Structure formats: structure tokens, C-alpha cells
Amino acid sequence: MPRVLLGCIADDFTGATDLANNLVRSGLRTVQTIGVPEGAALPVEADAIVVALKSRTIPASLAVAQSLQALAWLRQQGAGQIYFKVCSTFDSTPAGNIGPVTDALLDALADAPGSGFTIACPAFPENQRTIYKGHLFVGDVLLSDSGMRHHPLTPMTDANLVRVLQAQTPHPVGLVDHEVVARGAAAIRERFAALQARGVRVAVVDAISNADLMHIGAALKGMALVTAGSGVAIGLAQNWGLHTVQSGTQGGSQAADQLPPATGLQAVVSGSCSQATLQQVQHHRALGRPAFTVDPLALATGTDVVAQALAWAAPRLGAGQGPVLLQATAEPAAVLAVQAQLGAARAGELVEHALARIAVGLVGLGVRQLVVAGGETSGAVVQALGIRQMAIGPQIDPGVPWTAVHTTEQGGQTLHLALKSGNFGTADFFAKAFTRLAGA
Ligand code: ADP
């Protein structure tokens with residue numbers, strides 16, 4: 001069996017396609033699986049495998065167990081380096097899951113070469129996620145001043161990542177600051193060694209540009225575990241003699257991102273309440289395109305909102321008014337009001353479950369091009385559709401590629417699916433996605 005260079009464990013499904021997208025762009029043939037595959041080996045050859053979990057917001061003990069199961073399977077595939085993919089806005093709570101999962105993976109890899117130390121680096125400069133002096137910026141503002149402070153499940157109110165991670169692990173957390181990163185891979189490795197000698201097991205690493213990511217990537221050669229957002233992935237391929245990163249929305253290595261031609265009807269399902277998604281929903285409405293709102297309070301009272309949504313969508317699909325949008329996306333104040341009545345977890349679950357059933361229904365109505373907005377939402381949709389594996393296609397915006405998938409629901413359809421992390425994509429993303437697919 002050919003050796004897999006990189007084995008990846010992603011803590012949510014949009015994050016997984018985001019990572020796979022960057023790996024494909026950097027020249028690695030990449031396969032993404034939904035959950036840990038049942039068979040001992042994949043029937044396809046790949047340089048990198050991304051196992052997508054939905055473990056970002058589940059209890060830490062469960063996230064650890066699932067991540068260790070993924071690790072064991074990836075090591076069976078011969079993966080030489082393990083990549084734990086976390087959110088570019090470091091979504092987590094003081095209870096985890098980034099710290100506990102990183103600790104457990106490090107412990108499990110104790111016998112592997114290059115073990116005992118790792119980084120934590122969610123930087124993704126192409127998507128305006130930069131880290132300086134350990135502080136995460138989203139665009140021009142600190143994480144704690146960004147819309148992420150209102151996230152329904154993982155509100156991020158501290159931009160100091162060393163402090164955020166330290167709350168999640170008993171081991172000391174260090175920092176490799178930008179002054180070191182700018183001096184290149186040798187300086188970074190020297191700092192890794194110095195920190196490790198002081199008992200540090202995980203260090204936050206500054207990065208404000210793709211050049212920084214290339215330095216960091218080179219410094220990670222041979223490290224058993226890398227904990228990072230998707231950005232760091234662009235610097236790894238050079239360690240295996242591959243180095244073809246392209247930037248911009250047209251990025252993609254020639255053969256690696258080819259998908260079969262798109263067919264069927266178009267729809268968008270959104271359960272993200274992030275600011276970028278709010279703008280995208282507004283843009284869709286401003287174009288006069290059809291939109292249906294899923295009301296969490298109606299769901300809670302047992303109203304069959306799913307049936308209503310599908311009855312609304314049926315005559316509008318393919319009616320020439322543009323893709324239909326079915327969404328629970330709401331402003332922070334509205335989300336808070338719903339959460340005050342239902343609790344955050346129950347509200348999230350109700351909405352995710354409803355949107356997932358709507359997505360299954362839409363496929364039943366002939367939708368074959370589907371955009372899903374929201375990480376947790378995407379996880380619920382992908383699971384409901386019974387998707388096991390995804391082929392990565394052209395990039396729509398940084399971090400969001402089209403994929404081609406086969407469902408086990410609705411008679412086993414093949415469809416094109418784009419999973420958009422809440423804060424990714426320009427305001428015209430929903431329209432742009434379908435144009436990009438038509439031109440692929
Ligand atoms: P993002 O990628 O923007 O973080 P997610 O889908 O990961 O989006 O998370 C959004 C969460 O908010 C989901 O659990 C979703 O079900 C929930 N949610 C969506 N709309 C509402 C709403 N109107 N009120 C309360 N919770 C909501």
C-alpha cells in the first residue's frame with residue numbers, strides 16, 4: 001500500500017473541505033472522508049486523507065475518543081504526519097476541545113518520530129485570520145472584537161490564544177512570536193527546541209502572511225502532530241518536494257480539482273449566524289431571489305416547518321428566479337432571544353436537524369447543486385444525506401471549494417456540494433458559487 005504523507009483529523013465538516021482545498025492547491029492528491037471509514041483501507045490512492053469529524057462542540061471526552069479513533073485509522077494507512085485541523089477563529093470554550101484533543105493526540109503519538117511537541121496556529125492570512133504576539137485578528141480587529149464574540153455555540157471573547165489554549169490544558173503553552181517566524185524555518189525550529197526544553201508541549205505561532213506560513217511549514221518537517229487551521233497546510237507540501245500553492249479564487253492544481261459537470265436544480269441552506277453569512281443572506285434577498293426563514297420557536301412548538309419549507313421550495317426551484325435559499329440565519333439579538341427561551345444547545349440542535357431534513361427533501365425535489373452555510377449545519381446536512389466521501393473541486397472563495405459527493409439518501413444521488421464556514425466568502429458568495437460551478 002502506498003504511504004499516505006499526511007493524515008488529517010478535522011473537527012468539523014466545512015473545516016475539512018477548507019483544509020482539503022488548501023492541500024489540493026498545494027499539490028497533494030487529497031481524499032476527504034466523512035467520519036472514520038469502516039474498511040481497513042481506502043480504495044483510492046492519495047497523498048493526504050482528511051477525516052471529517054463533527055467534534056468541535058461535543059463534550060471533550062467524546063471529541064477525544066473520536067479523534068483517537070481517526071488517528072488509529074490514519075496510522076493504519078501509514079500516515080507519516082498527523083494534522084489536527086481546528087477553526088481559523090479557534091472556536092472552542094474553556095472546556096475544549098482544542099486543548100484536550102491536542103493533548104490526547106500527542107500522548108497517543110508518544111512513540112512516533114517527532115513527537116512530544118506541537119504547534120497551535122489557526123492563521124489563514126488569505127482569509128484575514130492573522131496572529132501577532134499570540135493575538136488572533138479577524139480582518140482589522142481582534143478576535144474578541146469581531147462577530148465571533150456572538151457565536152451561538154462558541155463565543156470567542158479573548159483574542160490571546162496562549163491564554164485561551166492554556167485554559168484547556170494542564171501543560172504549559174508557549175509562543176513563537178513573529179520576530180522569530182520572520183527569520184525563517186531554522187529560527188523557528190530553534191525556538192521549538194528551546195520551548196520544549198522548558199517543558200512546553202504546544203506553542204501558538206504568529207503568522208501574518210503566506211510567506212510566514214511557508215517558513216512555518218518548512219519548520220514542521222518531521223513533526224508528528226500539527227494542530228492548526230487550514231492555512232498552515234499550504235506550507236507543508238514543500239517538505240515532500242511538492243510546492244504549487246496558488247492564491248486567488250481560481251486557485252487549484254490542474255488535475256486535482258476536476259469534478260464531473262454539474263446538473264440539476266440549485267439551492268442554498270444556511271444555519272450560520274456569522275456576520276459574513278448575514279451579509280450573504282442580505283445580498284441574496286437584495287437580488288430579489290427567493291428566501292424562506294426557518295423559525296426555531298416554531299420548530300420548538302412542533303410545527304412541521306420542514307414540510308412547509310419544502311412546499312414553499314417546490315414551485316420555486318428551477319422557476320428562473322435564481323437559487324432558493326432556506327435559512328435560519330439571524331442577527332445576534334434574535335439568536336439570543338431564541339436561546340433565552342430554548343437554551344443554546346437545544347436551539348442549535350433543533351435548527352440543525354430541521355435544516356438537514358430540508359436538505360434531504362431538496363435533493364428529493366431534484367436539487368443537485370447545494371450550498372450549505374455553517375460548520376455545524378454542514379455537519380448535520382452531510383450526515384443526513386449519508387455522504388461518506390467527498391472529491392474536492394474548484395475553489396469558490398478561499399477556504400470553500402465545490403465538492404462532488406454520492407449520497408446514500410434519496411435513492412443514492414450524486415450531487416455537487418459546497419460547505420461554507422460561517423465567516424468565509426464575499427457578500428455575493430451564494431450567487432458566485434453557482435456561476436463558478438457552471439464555468440468549472
Ligand atoms: P458557523 O459556521 O457560522 O459557526 P454553525 O452552523 O457552525 O455556523 O453554527 C451555528 C449554530 O447556530 C448552529 O447550531 C445552528 O443550528 C444555530 N442557529 C442557527 N440559526 C439560529 C437561530 N435563529 N437561533 C438560534 N440558533 C440558531
Side-chain angles (χ1 to χ4, degrees), residues 5-6 8 10 14-15 17-28 30 47-48 50 81 83-90 119-141 143 146 161 175-189 191-192 203-221 223 226-254 256-257 276 392 394-401 421 423-426:
L5 303 174
L6 189 68
C8 310
T14 49
T17 51
D18 169 12
L19 175 61
N21 179 50
N22 277 351
L23 291 170
V24 167
R25 287 168 61 219
S26 74
L28 290 164
T30 305
D47 302 316
V50 180
Q81 187 168 45
Y83 197 111
F84 173 37
K85 156 71 177 74
V86 299
C87 184
S88 70
T89 44
F90 220 62
I119 63 162
C121 181
F124 191 2
E126 267 184 85
N127 255 339
Q128 286 80 50
R129 284 9 170 207
T130 54
I131 307 172
Y132 187 70
K133 301 285 181 197
H135 288 70
L136 180 58
F137 289 81
V138 177
D140 296 332
V141 301
L143 173 67
S146 77
L161 296 186
L175 172 67
V176 179
D177 75 13
H178 191 258
E179 184 267 322
V180 173
V181 172
R183 282 194 278 128
I188 299 170
R189 289 183 81 100
R191 183 57 59 91
F192 287 166
V204 172
V205 183
D206 281 355
I208 58 175
S209 66
N210 274 3
D212 292 338
L213 294 181
M214 297 311 284
H215 292 323
I216 294 167
L220 297 175
K221 185 170 185 174
M223 190 178 276
V226 174
T227 294
S230 68
V232 164
I234 71 166
L236 292 182
Q238 59 184 317
N239 296 335
W240 299 292
L242 301 157
H243 182 17
T244 59
V245 142
Q246 301 169 32
S247 59
T249 55
Q250 301 300 311
S253 58
Q254 300 306 304
D257 71 353
I392 305 298
Q395 176 174 295
I396 306 162
D397 266 334
V400 199
S421 171
N423 266 316
F424 286 0
T426 53

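Note that the numbering runs from 1 along the sequence shown for the chain. Worth saying up front: this structure is predicted, and the values here are computed from it rather than measured.
The CG atom of N210 lies 8.5 Å from the CZ atom of F124; values are rounded to the nearest 0.5 Å. Considering CG of L19 and OG1 of T14, their distance stands at 11.5 Å, rounded to 0.5 Å. Taken from OG1 in T227 to CD1 in I119, the straight-line distance is 7.5 Å, to the nearest 0.5 Å. Once rounded to the nearest 0.5 Å, the distance linking NZ of K133 with CG of L161 reads 14.5 Å. In this structure, NE2 in H215 is found 7.0 Å from OG in S209, a value given to the nearest 0.5 Å. A distance of 7.0 Å separates OG of S88 from CG of D18, quoted to the nearest 0.5 Å.
Closest of all the heavy-atom pairs between P398 and F424 is O-CD2, 3.8 Å. Across K85 and G229, no two heavy atoms sit closer than the pair CD-C, 3.7 Å. When all heavy atoms are compared, the tightest approach of L6 to L23 is CD2-CD2, 3.7 Å. Across every non-hydrogen atom of C87 and P122, the tightest pair is O-CB, 3.4 Å. Nearest heavy atoms, G425 versus A276: O-CB, 4.1 Å. The minimum heavy-atom distance linking L213 with A207 is given by the pair CD2-CB, 3.9 Å.
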Does the pair S230 and N21 meet the rule for a side chain to side chain donor-acceptor pair (under 3.5 Å), with working shown?
CA-CA 9 Å; S230 68; N21 179 50; over 6 Å; no
Trace of the side chain to side chain contact (heavy atoms under 4.5 Å, CB included) decision for T89 with V138:
CA-CA 8 Å; T89 44; V138 177; 3.8 Å; yes
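Under the side chain to side chain contact (heavy atoms under 4.5 Å, CB included) rule, T30 has a single partner from N22, V50, D47, which is V50. Screening D177, V180, V176, V232 for a side chain to side chain contact (heavy atoms under 4.5 Å, CB included) with V205, the sole residue that qualifies is V176.
Under the 30°/60° scheme for interplanar angles, the aromatic rings of H178 and Y132 are found to be tilted.
Side chain of Q81 to main chain of L236: no donor-acceptor pair is present (N/O by atom type, distance under 3.5 Å, no hydrogens or angles).
Using a 4.5 Å cut-off on side-chain heavy atoms (C-beta onward), V400 and Q395 make no contact.
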